[in-house]
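Structure record follows, encoded as structure tokens.
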There are 2 protein chains.
Amino acid sequence: MRKPTIKDVAILANVSTATVSRVVNRQGGIKSKTEERVQKAIEQLSYIPNALARSMVRKQTNTIGVIIPDINNPFFPLLVSGIEQQARKKGYFTILCNSNESPEIESELIQVLLERSVDGLIITTADEGGYQLQPVIERMIPVVAVDRQIKNFEVDTVLVGNVDGAYQATRHLILQGHTKIAIIRGPQKTTPGYERFVGFQRALAEYNLELDERYVMEGDFREQSGYECTKKLFKLNEPPTAIFTSNNLMTLGCLKALTEIGWILGEQVGLIGFDDLDFAEFVNPPLTVVSRPMRQLGEAAFDLLYAQMTSQEDRPKRHYVLSPEIKIRQSCSLKSPKQ
Amino acid sequence: MRKPTIKDVAILANVSTATVSRVVNRQGGIKSKTEERVQKAIEQLSYIPNALARSMVRKQTNTIGVIIPDINNPFFPLLVSGIEQQARKKGYFTILCNSNESPEIESELIQVLLERSVDGLIITTADEGGYQLQPVIERMIPVVAVDRQIKNFEVDTVLVGNVDGAYQATRHLILQGHTKIAIIRGPQKTTPGYERFVGFQRALAEYNLELDERYVMEGDFREQSGYECTKKLFKLNEPPTAIFTSNNLMTLGCLKALTEIGWILGEQVGLIGFDDLDFAEFVNPPLTVVSRPMRQLGEAAFDLLYAQMTSQEDRPKRHYVLSPEIKIRQSCSLKSPKQ
DNA sequence: GTGAAAGCGCTAACAT
DNA sequence: ATGTTAGCGCTTTCAC
């Protein structure tokens, strides 16, 4: 019960293996009578070509590797869908790997993908330093960094504007009449944490609002920290009338805190979050958020990768920055706003 | 700038390729002096073994394929994490594929995975008939079906008890004092839709409650249907005091409807949903749900697969059914329940 | 302990 | 239009 090989097909169809190969790969130049015979043999044996063998001689696998840091964060699946769909169109197969935010696992995965000879790699790294990409770069395997930058190598990159998004969010709050605006920012040593804070400050500056230190809270991008920062904000003598949370988990934590302490969303306090939440519409009142086009991010990433994989010369590296979009729902304007 | 091969290493270390192979594969029986030389050559060239070539000879890839129907449904990533983690422990690499609930894509994916010679397949199928698995079965590639059964072939299967979960949910409602209990069930021709209804009926019967036809609504597992069914329930002359929704999306729809029509959760109506929601705790009052241990499901699936992959004989096929767990929060007891 | 060589299944010259 | 064959990079007997 050995798997049938091209040879078995050849013998059954009474042709050479080369002919079978030509039929399988639709290269044409085969008498239709012969082709028919071959096709029949293929069916009869339920022959499935061995991609490993093919890849060995062709020196390409038509496979790309995708490494994401957290498959349980709802953004990444969206990103992956975008990549996969685009890849499928061009006949590429996607191997998805999850590093779990662990640089060690990420390095291993890179090794394994390299061993498996992927034609290209799309990565949202767990370690922006990027030295783990050394072997990839060395072998001149096309890479594109998505959503997070690689610092020490020059690679194609596609990001969503953090500064821009935070700026828009904050401006929206300002335009709704808020002046006492708080931010729950992320760790300032991370790029997104830092950049989103920059956008926040920029908007305030532009509208001549002063940055009130009391209104600047720093979380760690996790739910619990959003929860705690919100409570602290509430305890202030003069609490803010609006909060900008720097990521989805902290928004969630903030929401929990609001509910718990009875700080009424949309009446006593406005809220805008960075990154959408699947239940944002369901919150009462529906939550306004900065939404990142993850799917398009994925599409763009693959397109970039594809360009690299198919061009011979060394293309100059590109950096794309997509614009986030603000989804205005109802959590920012207060029913009875303090002016 | 060709990729270095085992031959390059052999030449540089002044040994045969066989020796290099032995070193790479840690087979021992090499003089440590020699081994050192080889290791140095490997580093110097940054040699990475070619898994394709190895797999060709060994006739195994140490790779398993995983096909899930919807990467954007939060359950599946959890399932995948379970599989991956377990696989990693045993030295297997996971290729994750997303069929998008399309039987056609699923068939293609199976073909592609077969071409790539995966050692085993774990699948949550988009087509319970299962004929698409024919080629897999034929080649005696180990398969395990997870979360959804395969009808026309006998394969290892691991599921979560639908009847059991629905039964527990309903019983919980009954024990909270509810007698007028509605169900928003799924399509009765789908296994989960049907089984969850069975569990519902069983609980009623056991507590001598009659099934009131007016309280049986049928949705299609999508949000909108949960929304609509809830509204219908509300319009009844004698609305139920509790609702059991048969899946997460319909729970979400139900929740939206409740909010919209002002049917107050936890006061006027109790709710228990099948499947957890990431924001269930955040709902006011927090939502009680039937939760499926997706992660364990994944672990069990891989264990089963592993057993098949490593045993020589044809093992009898197994069916595991894991128990769901009911996460009691606060949406089922009414503050002022009508008795 | 180490090497020589066959061969995994396929493709792509090169022949015919 | 089709066949012959070298060789992709590796592992694994079988020798020595």
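For the numbers below, each heavy atom of this structure counts, side chains included, while hydrogens, waters and symmetry mates do not. Naming convention: chains lettered A, B, ... in sequence-line order (proteins, then strands); numbering from 1 in each chain. All figures in this text were calculated on a predicted structure; none of them were measured in a lab.
Between the side chains of B/T125 and B/Q132, a donor-acceptor pair is found at a separation under 3.5 Å.
For B/S16, a side-chain nitrogen or oxygen approaches OP1 or OP2 of C/dG3 to under 4.0 Å. In this model, the phosphate group of C/dC10 is not approached by any side-chain N or O of A/T17 to a distance below 4.0 Å at OP1 or OP2. For D/dA1, neither phosphate oxygen OP1 nor OP2 lies less than 4.0 angstrom from any side-chain nitrogen or oxygen of A/K33. Using a 4.0 Å cut-off, no side-chain N or O of B/N50 falls inside it from OP1 or OP2 of D/dC8. Within the 4.0 Å cut-off from OP1 or OP2 of D/dC8, not a single side-chain nitrogen or oxygen of B/K3 is found. At the phosphate of D/dT12, OP1 or OP2 sits under 4.0 Å from a side-chain N or O atom of B/R58.
Among C/dT2, C/dT11, D/dG3, the nucleotide with an atom closest to any side-chain atom of A/V57 is C/dT11. For B/S21, the side-chain atoms get nearest to D/dT12 when compared with the rest of C/dT11, D/dT12, D/dT2. Of the candidate nucleotides D/dC14, C/dA13, D/dC10, C/dA13 has the atom nearest to the side chain of A/R22. The A/R54 side chain lies nearest to C/dT11 when the options are D/dG9, C/dT11, D/dC10.
Note on B/T34: only backbone sugar-phosphate atoms sit closer than 4.0 angstrom, heavy atoms only; bases stay farther off. Backbone-only engagement by B/Q27 is indicated by non-hydrogen atom pairs under 4.0 Å involving sugar-phosphate atoms exclusively. Residue contacts for B/Q60: at a heavy-atom cut-off of 4.0 Å it reaches no nucleic acid atom on any strand shown. Looking at heavy-atom distances under 4.0 Å, A/V15 makes contact with sugar-phosphate atoms alone, never a base.
Atom CZ in A/R26 sits about 16 Å away from atom C1' in C/dT11, given to the nearest Å. Straight-line distance from the CD1 atom of B/I6 to the C1' atom of D/dC8: 14 Å, rounded to whole Å. When the P atom of C/dC10 is taken as reference, atom CE of A/M56 falls 13 Å away, rounded to whole Å. Following rounding to the nearest Å, A/E115 (CD) and D/dG9 (P) show an atom-to-atom distance of 15 Å. Separating the CD1 atom of A/I48 from the P atom of C/dC10 is a distance of 11 Å, rounded to the nearest angstrom. Spacing between atom CZ of A/R37 and atom P of D/dT2 amounts to 8 Å, rounded to whole angstrom units.
Atom CD of A/Q86 and atom CD1 of A/I122 lie 10.0 Å apart (nearest 0.5 Å).
Salt bridge status for B/D8 with B/K3: absent, with no side-chain N to carboxylate O gap under 4.0 Å. Salt bridge absent: A/E35 and A/R22 never bring a charged side-chain N and a carboxylate O closer than 4.0 Å.
For B/R292 and B/F75, the positive end sits near the middle of the six-membered ring, less than 6.0 Å away and at most 45° from its axis.
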